[in-house]
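Worksheet for the structure shown next.
Letters go in sequence order (proteins before strands), and every chain restarts at 1.
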Protein chains: 2
Amino acid sequence: MRKSATALAMTESTILKDADTNVPLYLKVARALQQQIAIGEYPIGSLLPTEVELGTRYGVSRQTVRQAIQFLRQQKLLSAKKGVGTRVEARQPQRGYYFALHSLTQIFQFAAEAALHVDREEEIEVRGALAAELASRPGRKWLHLVGTRQTIGNDLPISWTEVYIDGRYARLFRGSKIHHSAIFSAIENSSGEPVTEVQQEINATVLSKELAASLKAEPGSPALVITRRYFGAGHRLFEMSVNVHPADRFSYAISLKRELTWENEPGSKR
Amino acid sequence: MRKSATALAMTESTILKDADTNVPLYLKVARALQQQIAIGEYPIGSLLPTEVELGTRYGVSRQTVRQAIQFLRQQKLLSAKKGVGTRVEARQPQRGYYFALHSLTQIFQFAAEAALHVDREEEIEVRGALAAELASRPGRKWLHLVGTRQTIGNDLPISWTEVYIDGRYARLFRGSKIHHSAIFSAIENSSGEPVTEVQQEINATVLSKELAASLKAEPGSPALVITRRYFGAGHRLFEMSVNVHPADRFSYAISLKRELTWENEPGSKR
DNA sequence: ATCTATTTGTGCGTATGTATG
DNA sequence: TCATACATACGCACAAATAGA
């Protein structure tokens, strides 16, 4: 005779009476909600019943409902706003594919090991197609470096490299014949502006006579062309680089791992 | 005279008296803890004081401490186990770089649009180098497909493609002259075994006479070679594919975004 | 423009369950 | 066996944001 709340909510709370004992209540609620969402009972963009409402429906406390909702929010299935409610964001628990690597220097590890030897350096005012490619207003100043990347003790360059650097950071690189770290990380460290996005485009080419000479490679042999664009806050591009890698000296490897959304959730057996 | 707990904990609780009002208490605690970790006060691998202990130290309830710890656990700075304690996992909030794209079909969108036209199909027992490359015991059966990927209404193939499929799933692909979806997703859908990891390797080559003929391209012209390995549960490889893309018909683009760890945290001003 | 009801967010108290050593 | 420490669950009170009257 202590609580009659459960009796009032038999319709839906029965869902939670799953055989699975030892599964936390809040996960059962979360699962029930997710199913309702998957079915389309709560369409994308719609508001869920209030936390209190859900609590009485399922016969659990508001705290438990909140835990369930929080769990689903971590998976980006739900979003919540004060004074408004809890909104359905997706029908499926978007399990994205993630990089197995954790830092840019790991991803572009070669840049950390291979120093950039500058053959040519010029300050330019971008115009026309180049301005468009750099998403820059014509007339803005950029620093243009051309050279090769080489590892110590190896006279064969890993790549022929061309870099465009936002004029604001030109002073960091002017006049130096060699750069030991990656350009973007030097900018990141000195300016404190973090890289928020990197776009990469990869294509193939055959080496021209000139490029082959710089790279000490065979003219007509295959090479990878990797173009990278680095963006800071506000989606502002501050560096672009073009790297030409002879195929026999470099290959590009990435590993994607699927995220396990509830890997670290205490509940549920492991 | 209601609570004297705060008085006993003046030493550390003062940390929380930051000017920042309107910042939730649990975030202040989290920040304090993170600082202690960053300093090395709580080294990696060590156990934090118990939740109750931290509560009295900072003059907050155990619930609030739990919220703070949970926040840091989401960032993989901490991990907790029943009956043991809360362990320090990292000193810095590992901000990884993530794919901007969310599903494999988006990432390899061409595969969804371009059907695989099979020119040759054979059941093989792998040996030697091939067995090693497939991480398979010699003598195991694999299905080997060779063909091209083409979009409808376009007679120029996007790629010449070679696929090795674990014998267990061979029945799904045997005898078909054309496959409209990506191989891995067909396997995923029919077997329920999810892809947990994809390794990709990208290199450049020039087209041989034979390949050029299959692709209706110029011999000696550049092409991208993309090798993909698909792993299921237990890091077991179940598919490998080699794709040769003429450079002028295909380029590989990826975008990495840095994760903002507390983007969706209700607290803190936005 | 103001007030008000609604809804989520924060904070704390308490009790009990359960894995660990 | 037993104390320890985190995990779950419920209760309550108030703050803050929002939308609508």
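Of all non-hydrogen atoms in A:Arg229 and A:Leu237, the two that sit nearest each other are CD-CD1, 3.7 Å.
One end of the helix from C:dT2-D:dA21 to C:dG21-D:dC2 points its axis 20° away from the other end's axis, with each axis taken from 5 pairs and the angle rounded to 10°.
Without hydrogens or angle criteria, B:Glu51 side chain to B:Val65 main chain gives no donor-acceptor distance under 3.5 Å. Between the side chain of B:Glu239 and the main chain of B:Phe184, a donor-acceptor pair closer than 3.5 Å is present.
Scored by the side chain to side chain contact (heavy atoms under 4.5 Å, CB included) test, A:Leu130 finds A:Ile124, A:Val126, A:Leu134, A:Tyr164 as partners (sequence neighbours excluded). Under the rule for a side chain to side chain donor-acceptor pair (under 3.5 Å), A:Arg140 has no partner lying at least two apart in sequence or in another chain. Among residues two or more places apart in sequence or in another chain, the side chain to side chain donor-acceptor pair (under 3.5 Å) test is passed with B:Ser136 by B:Trp142. Listed by chain and residue number, nothing satisfies the side chain to side chain donor-acceptor pair (under 3.5 Å) test with B:Gln34 (two or more places apart in sequence, or in another chain).
With rounding to whole Å, B:Tyr58 atom OH is found 14 Å from C:dC12 atom P. Whole-Å rounding puts the A:Gln63 CD to D:dA7 C1' distance at 15 Å. Between the NZ atom of A:Lys82 and the P atom of D:dA16 there is a distance of 7 Å, rounded to whole Å. Protein atom CG of B:Leu25 is 15 Å distant from nucleotide atom P of D:dA15, rounded to whole Å. Rounded to an integer number of Å, the gap from A:Gln70 CD to D:dA7 P is 13 Å. Between the CD atom of A:Glu53 and the P atom of C:dA5 there is a distance of 20 Å, rounded to whole Å. In this structure, B:Gln67 atom CD and D:dT8 atom P are separated by 15 Å, rounded to whole Å. For the pair B:Tyr26 OH and C:dG9 P, the interatomic distance rounds to 9 Å; values are reported in whole Å.
Between A:Arg87 and D:dT18, a side-chain N or O to OP1/OP2 separation shorter than 4.0 Å is absent. Neither OP1 nor OP2 of C:dT10 sits under 4.0 Å from any side-chain N or O of B:Arg66.
Counting only heavy atoms from C-beta on, B:Ser61 has its side chain closest to C:dC12 among D:dA7, D:dC10, C:dC12. Across C:dT8, D:dC6, D:dG11, the shortest atom-to-atom separation from the side chain of A:Thr86 is found for C:dT8.
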### Derivation and outcome, side chain to side chain contact (heavy atoms under 4.5 Å, CB included), residues B:Leu33 and B:Tyr42
CA-CA 9 Å; B:Leu33 285 175; B:Tyr42 301 127; 4.2 Å; yes
Please write out each protein N/O paired with an N/O of nucleotides 19-21 of chain D under 3.5 Å, distance rounded to 0.1 Å.
none

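A donor-acceptor contact under 3.5 angstrom links the side-chain atoms of B:Arg62 to the base of D:dA7.
B:Tyr230 and B:Phe238 have tilted rings, their planes meeting at an angle from 30° to 60° on a 0 to 90° scale.
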